[in-house]
Amino acid sequence: MISGQNLIAGQWSAQGNETFASVNPRTKAEGSIPHFNATDGEIDLAVRQAARAFKTMRLFTADARAAFLESAADEIEKLGAELIETSDAETGLGQSRLEGERGRTTSQLRLFANLLREGSFVEAIIDTAIPNRTPAPRPDIRRMLIPLGPVAVFGASNFPLAFSVGGGDTASAFAAGCPVIVKAHPGHPGTSELVARAILAAGEKQGFPPGFFSMLQGDTVRVGQTLIEHPQLEAVGFTGSLRGGRALFDTAARRPRPIPVFAEMGSINPIVISPQALAVRGDDIAAGLVNSVTLGGGQFCTKPGLVFVVDDAASQAFIARVAELMDQRQPGVLLNQAVLAHLSADVERTCATGHVSERTATDAVTREGYSFPNTVFQTTGEQFIRDESLQNEHFGPVAIFVTCPTPDVLFEAVESLHGNLTATVHSEAEETGFTGELFSRLREKAGRLIWNGFPTGVEVVYAMQHGGPYPATTAPQTTSVGMTAIKRFMRPVAFQDLPDSLLPDALQDANPLNIWRIVDNELTRDPLRRQ
């Protein structure tokens, strides 16, 4: 069923002569199917057809888009064992993890369908006219969100389903009413093609125009850069490294007409542990921390990579315990050679600073596959404040402890943090002063604040914020997870003094969609009765 071709507006295409193959990370064995790098011509056609499809899609009802998303979820589930087996061979993530990720993928498609049917995501606002206002009358002004247009989505290496071809960026862009061109990740091209076939089947069943969806394969920088430079592209969704996200952001900014890039990039997700929390539940925190750092081979964007403690005998014993537990755990399989190479180089650079000491580094037991030792480093608060390079992400099973002589130095070290997706505090309920002071600082540094938990694991709910200040993301006011992710791919338009017959349904007097709207400063679903 897997052809290795690119999907261009409903047609499978292999115009180029550059190919690459997937690699099994457990064995380093190359897959048997050659996948074709998309050519410039294929990229151009995909975006042009998406722009053409948008002229139709922007007028689709929310119900039509919801039916498509539900159909896409059904089609992905129909892929059955082939999808899990293919993805496992390409990523080494394991059947259980991938089955859970498939469930999350189909669930978020259906959640966006529910959002569309509820309807208030358009944020309809109506300020009615005041013709007798002095010194000048007020016009009738009505505002709502509309879709941006063709969106490029870059698949992530570490989530071949939930952050890839049919993942959250794609789902939210489709929900907004935007055509999508996916740049598949070269680490799991077969998985990407299977999901693309499911999305195509759903679109055909729902009567979507051919250009509503395309998927481009490629293991070169050229494919992604050429896609972003296309003049008819309107926005980009990206999940990956700081290096990759910043390159795409810079390319988009250099265009004659810049476009937004919603990039979720590197994050070290700091954890602060109070002395009292260590005294009360140090063993439990150590076990939870090790689980979080090593989960999925440490290849989660929410992996905690930095731990702050006040330096004393108890914290040193705690670090020793964490190092012991890390040493006892067999290193997991890394996704691919590139992840291993970047992680090795990042750890080398950290060691070269001379500002860290290594507490543990287990032997990589999985010798035949891609693997890296479970590693714990230690540095001081003063060194951390002076050396910004200690904030570089280590995408793998690596954590750095920052020991601070006093709480004041700890607060100062926290103040020097760059932007992150998450920040966590472990403390006891009575430590309101310590905890409050930390959260008042950390909220300026992260998109999600956690108390007495661990950051790995992101719920797909309305309240979720998966984003944060740079360098965690390029757009800290947005989220890439949860229902409000749809807003990235929409823009507001105000309609002034238009007759009711020319207004979108969401803004018409009768409120035919029966959605929640703000009318003259009041939230209501009632029809508007003109004076």
### Task
Show the numbers, then the answer: is there a side chain to side chain contact (heavy atoms under 4.5 Å, CB included) between Arg491 and Leu145?
CA-CA 5 Å; Arg491 66 178 180 88; Leu145 300 179; 6.0 Å; no

Does any N or O in the side chain of Arg142 come within less than 3.5 Å of the main-chain N or O of Leu507, such that one atom is a donor and the other an acceptor? yes

Compute the ring centroids of Phe262 and Phe489, then answer whether they are less than 6.0 Å apart.
yes

(message) If we ignore hydrogens and angles and just use 3.5 Å, is the side chain of Arg246 paired with the main-chain N or O of Arg243 as donor and acceptor?
(response) no

- Task: Decide if the gap between the ring center of Phe212 and the ring center of Phe174 is smaller than 6.0 angstrom.
- Result: yes

Original post:
Does the ring of Phe159 carry Arg97 above it, NZ/CZ under 6.0 angstrom from centre and within 45° of its axis?
Top reply: yes

Residues passing the side chain to side chain donor-acceptor pair (under 3.5 Å) test with Thr239, sequence neighbours excluded, are none

Checking Thr86, Leu200, Ile76 against Val195 for side-chain contact (heavy atoms from CB on, under 4.5 Å), the one that qualifies is Ile76

The single option from Asp520, Asp140, Asp509 that satisfies side chain to side chain donor-acceptor pair (under 3.5 Å) with Thr128 is Asp520

N-O pairing of Lys487 and Glu123 below 4.0 Å
yes

The residue among Glu90, Glu82, Glu85 that forms side chain to side chain donor-acceptor pair (under 3.5 Å) with Thr191 is Glu90

One should read off an interatomic distance between His185 NE2 and Thr91 OG1, to the nearest 0.5 angstrom, of 11.5 Å

So CG of Leu233 and CZ of Arg48: to nearest 0.5 Å the spacing works out to 14.0 Å

| task | May I ask you to decide if Ala162's main-chain N or O and Gln108's side chain share a donor-acceptor pair within less than 3.5 Å? | result | yes

Residue set satisfying side chain to side chain donor-acceptor pair (under 3.5 Å) with Gln95, at least two apart, ordered chain then number -> Glu99

> Backbone N or O of Gly296 within a donor-acceptor pair of the Gln299 side chain at under 3.5 Å?
Replying inline: yes

